[in-house]
Amino acid sequence: MDIGIINALSYEDFVNILGNVVEKCPIITAAVWSRRPFANLAALEAAINDFIEALPESGKDGILRCHPDLAGRDLQSGSLTRESRQEQGHAGMDALDAAEVSRMALLNSEYKERFGFPFVICARMNNKATILRQLSDRLGNERAAERLRAIEEVKKICHLRLQGLVLTDPLNKL
């Protein structure tokens, strides 16, 4: 779809098509719909990022809490969103051995206990070894710094998801 088609979408279609560019947060897409028309994909992405940045800390925590644990029970049970399933698969999170699954579960639990939200990383830009290392390393961060880092990862995920939905052209490149 090109940006002209995106701009012409009804509210319902806009939210249905773009509603999961931020994991399980269609309210963000619903809120930016009224900012149409978007000049290009970068303008749409900027509107989403601006909305996220304007949220209070509790709102940002809410966005982070909508993300599933990496290699967690949602992946094991098949209840991930289509996008998350593909992203985790791309990073090899669906092919962990028993020791890696156990380590991920332990680290995910420690992380959520420490920060109050699940570990978020752009899986499509990482592999399982990097994800495991980052999860372990980021446990040492202060809460505010980790929230900021996790929100930046949400934006990376959103960027890639938008690129998969909205066609770019020479005038519409990021």
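The structure presented is a predicted model; accordingly, all values stated were derived computationally and were not measured. Along the sequence shown, residues carry numbers from 1.
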Check your understanding: Is there a side-chain contact between M1 and L9 (heavy atoms, below 4.5 Å)?
Key -> yes
Check your understanding: Any side-chain heavy-atom pair from E45 and F38 closer than 4.5 angstrom?
Key -> no
Practice item. Could you check if a side-chain atom of L165 sits within less than 4.5 angstrom of a side-chain atom of L18, using non-hydrogen atoms only? Key: yes
**Study point:** Salt-bridge present (R143, D61; N to O < 4.0 Å)
**Key:** yes
Check your understanding: Do Q88 and R124 have a side chain donor and acceptor closer than 3.5 Å?
Key -> no
Exercise for review: Considering only Ile, Leu, Val, Met, Phe, Trp and Tyr, and joining two whenever side-chain heavy atoms are under 4.5 Å apart, list the other residues clustered with M125.
Suggested key: L160
**Study point:** Side-chain touch I48/C158, heavy atoms, less than 4.5 angstrom
**Key:** yes
**Study point:** Residues E110 and R114 bridged, charged N to O under 4.0 Å
**Key:** no
**Study point:** F115 vs R147 side-chain heavy atoms within contact, under 4.5 Å
**Key:** no
Check your understanding: What distance do R133 atom CZ and I121 atom CD1 have between them, rounded to the nearest 0.5 Å?
Key -> 9.0 Å
Check your understanding: Does any non-hydrogen side-chain atom of R65 lie less than 4.5 Å from one of K112?
Key -> no
Check your understanding: Do R85 and D94 sit within salt-bridge range, that is, some charged N less than 4.0 Å from a carboxylate O?
Key -> no
Using residues 51-60 as the side-chain source, report each donor-acceptor pair under 3.5 Å to any protein atom, sequence neighbours left out, with the distance given to one decimal.
unit_1, atom_1, unit_2, atom_2, d
E53, OE2, K155, NZ, 2.4
K60, NZ, E53, O, 3.4

**Study point:** W33 six-ring face occupied by R35 cation (under 6.0 Å, within 45°)
**Key:** no
Point to revise | Separation of N49 CG from E152 CD (nearest 0.5 Å) | key: 8.0 Å
With a cut-off of 3.5 Å and sequence neighbours excluded, list every side-chain donor-acceptor pair involving residues 101-109.
unit_1, atom_1, unit_2, atom_2, d
N108, ND2, L70, O, 2.9
N108, ND2, M104, O, 3.2

